Amino acid sequence: MPLRVTFLGTAGAIPTTERNPSSIHVSRKGEGLLFDAGEGTQRQMMRFGTGFSVSQLFVTHLHGDHVLGIPGLLQTMAFNDREKPLAIHTPRGTRRQLKGLVNALNNRPSFPVRISEVGDGDVAYRADEFEIRAFGTDHDTNSVGYALVEDDRKGRFDRERAEELGVPAGPMFSRLHEGETVELEDGTVVRSEQVVGEPRPGRTIVYTGDTRPTAATVEIADEPDLLIHDATFAADRADRAAKTAHSTARQAAELASRAGADRLALMHLSSRYAGHTGDHLAEAREVFDGETFVPADGDELEIPYPNAPE
Ligand SMILES: [Zn+2]
Ligand SMILES: [Zn+2]
């Protein structure tokens, strides 16, 4: 089950020639999820081939560099004769402002746009095999982060063991795998736990949006496979980060370490670091052992299952 992250825009508040404002596309089982939509997001979607069939848009906060791409994106979706509804999730207290963006210049999308507000601890979206949870962040406006958390998967079915116990191949295998108890023709009873292993954890992605470091980022998901964190500044500008409600790369790495994350993506770098990301990487790697990177626009990442065989 592929779970792919495409970094559409990785800039801080001001874009650079290399970096577009914030937006991240996640594709899971053919479903497109968009997190933030800075100016020019629609063009990044074209460039990097994510397609426009996005069902949900999750907005972390209403600063321009995270939402100014919404009017243009919706207009193009309408030009493409979109009919499917689009759900937009936005922090508490921002619905009206967001609606203003959706209807900018008296635009009325030709498809239903449903806006709902989310706060700390809410499940913003419940899908078949995963959910998107909102968590509180600490920025200078109403803001949330989002975590994609997959459900546990069924344990591994031990076919050999089932055959040893005399279970005939066929429907009984799947019933056992589903957790049922079966009775064989000779009256032997075989329970699911005799042939099915422990449930296996799904995958988790946490995206903070703009924020000072917060404990909620660690608490929202246990050992995320990927933490995408604000790293607007390097540690030499920690004062500035605190003042402007952002984080340094070192702070992001400390949280990644506390959360037990596997990978850390440092996002939203200030334009002052254009072309040199070395300090961010070096200071993060001092405190975090996992894979650390500064994604470029267009970078893609496939998230494997934890402990998946190589
Ligand atoms: Zn921002
Ligand atoms: Zn912001």
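Values below: all heavy atoms of this structure, side chains included; hydrogens, waters and symmetry mates excluded. Quick caveat, the model's predicted, so the values are computed rather than measured.
Using a 4.5 Å cut-off between side-chain heavy atoms of Ile, Leu, Val, Met, Phe, Trp and Tyr, with links allowed through other members, L184 and V195 fall into the same hydrophobic cluster. A single hydrophobic cluster is seen to contain both Y207 and I132, as judged by linkage of ILVMFWY side chains at heavy-atom distances under 4.5 Å, directly or through other members. The cluster map of Ile, Leu, Val, Met, Phe, Trp and Tyr, joined by side-chain heavy atoms under 4.5 Å apart, puts I24 and L3 in the same cluster. Note on F157: it clusters hydrophobically with V167, by side-chain heavy-atom contacts below 4.5 Å among ILVMFWY residues. V144 and V206 are assigned to two separate hydrophobic clusters, defined by single-linkage of ILVMFWY side chains at heavy-atom distances under 4.5 Å.
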Quick one, V118 with Y146, criterion side chain to side chain contact (heavy atoms under 4.5 Å, CB included). Give me CA distance, side-chain angles, the key distance, then yes/no. CA-CA 10 Å; V118 289; Y146 294 98; 3.5 Å; yes
Determine, stepwise, if the pair F173 / E163 fulfils side chain to side chain contact (heavy atoms under 4.5 Å, CB included). CA-CA 10 Å; F173 276 20; E163 280 168 354; 4.2 Å; yes
Given R258 and E254, is the salt bridge (Lys or Arg N to Asp or Glu O under 4.0 Å) satisfied, shown in steps? CA-CA 6 Å; R258 272 172 58 194; E254 281 164 0; over 6 Å; no
Could you check E31 against F130 for side chain to side chain contact (heavy atoms under 4.5 Å, CB included), going step by step and ending with a plain yes or no? CA-CA 12 Å; E31 179 170 19; F130 69 97; 3.8 Å; yes
For E129 and K29, what are the C-alpha separation, side-chain angles and deciding distance, and is it a side chain to side chain contact (heavy atoms under 4.5 Å, CB included)? CA-CA 10 Å; E129 296 166 329; K29 208 179 179 180; 3.5 Å; yes
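Neither side chain, Q75 nor N107, offers a donor N or O lying under 3.5 Å from an acceptor on the other. Residues T208 and T137 bring no donor and acceptor atom of their side chains to less than 3.5 Å of each other. Donor-acceptor pairing under 3.5 Å is lacking for the side chains of D138 and T214.
L68 shares a hydrophobic cluster with L8, L34, M45, M46, F48, F52, V54, L57, V59, L62, V67, I70, L73, L74, M77, L86, I88, L98, L101, V102, F111, V113, I115; the chain of contacts runs through ILVMFWY side chains whose heavy atoms sit under 4.5 Å apart.
In this structure, the separation between CG on L227 and OG on S257 is 11.0 Å, given to the nearest 0.5 Å. Interatomic distance, R133 CZ to Y125 OH, rounded to the nearest 0.5 Å: 15.5 Å. From D210, atom CG reaches atom CG of D36 across 8.0 Å, with rounding to the nearest 0.5 Å. Taking NE2 of H229 as the reference point, atom OG1 of T248 lies at 9.0 Å (rounded to 0.5 Å). Rounded to the nearest 0.5 Å, atoms CG (L301) and CD (E291) are 6.5 Å apart. We find the CD-CE distance between E183 and M172 to be 8.5 Å, quoted to the nearest 0.5 Å.
Residues A234 and D279 share a closest heavy-atom pair of CB-CB, 4.2 Å. Nearest heavy-atom pair across A249 and A231 is CA-CB, 3.9 Å. Across P306 and G202, no two heavy atoms sit closer than the pair CG-O, 3.7 Å. Scanning both residues, P201 and Y305, for their nearest heavy atoms gives O-CD2, 4.3 Å. When all heavy atoms are compared, the tightest approach of M267 to S22 is CE-OG, 4.1 Å. Of all heavy-atom pairs between S23 and G38, the closest is CB-N, 4.3 Å.
Formation of a donor-acceptor pair under 3.5 Å by the D225 side chain with backbone atoms of T204 is found in this model. When atom types are taken as modelled, the side chain of R4 and the backbone of E300 share no donor-acceptor pair closer than 3.5 angstrom. Q251 contributes no side-chain N or O that, together with a main-chain N or O of P213, makes up a donor-acceptor pair within less than 3.5 Å. Put simply, the side chain of Q194 gets close to the backbone of R191: a donor and an acceptor are under 3.5 Å apart. Put simply, the side chain of N80 never gets that close to the backbone of R82: no donor and acceptor are under 3.5 Å apart. The backbone N or O of K154 lies less than 3.5 Å from a partner atom in the side chain of R200, making a donor-acceptor pair. Checked by atom type and distance alone, the side chain of E180 never pairs as donor or acceptor with a backbone atom of R175 at under 3.5 Å. S247 places a side-chain N or O within 3.5 Å of a backbone atom of T211 that can act as its donor or acceptor partner.
Annotation: R240, atom CZ; neighbour count of heavy atoms from other residues, nucleotides and ligands within 6.0 Å does not exceed 12. Enclosure of atom CG in N106 is not indicated, since only 12 or fewer non-hydrogen atoms of other residues, nucleotides or ligands lie within 6.0 angstrom. Within a 6.0 Å sphere centred on CG of D289, other residues, nucleotides and ligands contribute 12 heavy atoms or fewer. When the shell of 6.0 Å around CD1 of I14 is examined, it contains 12 or fewer heavy atoms from other residues, nucleotides or ligands. By the neighbour-count criterion of 12 heavy atoms within 6.0 Å, atom CD of E302 is densely surrounded, having more than that number from other residues, nucleotides or ligands. For R43, the CZ atom is loosely surrounded, since the number of other residues' heavy atoms within 6.0 Å does not exceed 12. For E39, the CD atom sits in a loose shell: 12 or fewer heavy atoms of surrounding residues, nucleotides or ligands are nearer than 6.0 Å.
A ring-ring contact (aromatic ring centres under 6.0 Å, His included) check over residues 71-99, counting only residues at least two apart or in different chains, returns the pairs F58-H89. Residue pairs meeting the ring-ring contact (aromatic ring centres under 6.0 Å, His included) criterion with at least one member in residues 235-257, sequence neighbours excluded, are H139-H246, H246-H268. Residue pairs meeting the ring-ring contact (aromatic ring centres under 6.0 Å, His included) criterion with at least one member in residues 276-304, sequence neighbours excluded: Y273-H280.
Side-chain atoms of T10 and L269, non-hydrogen and from C-beta on, never get closer than 4.5 Å to each other. At a threshold of 4.5 Å between non-hydrogen side-chain atoms, the residues T232 and T244 do not count as touching. I205 places a side-chain heavy atom less than 4.5 Å from the side chain of I228. In this structure the side chain of T217 reaches within 4.5 angstrom of the side chain of F135, judged on heavy atoms.
Ionic pairing of D297 and R47 is not present here: no N-O contact between side-chain nitrogen and carboxylate oxygen is shorter than 4.0 angstrom. Salt-bridge formation is detected for the pair D151/R126: a Lys NZ or Arg NE/NH1/NH2 atom is positioned less than 4.0 Å from an Asp or Glu carboxylate oxygen.
With sequence neighbours excluded, the residues that form a salt bridge (charged side-chain N to carboxylate O under 4.0 Å, His left out) with E150 are R28, R203. Judged as a side-chain hydrogen bond (donor to acceptor under 3.5 Å, both in side chains), and not counting sequence neighbours, the contacts of R161 are E164.
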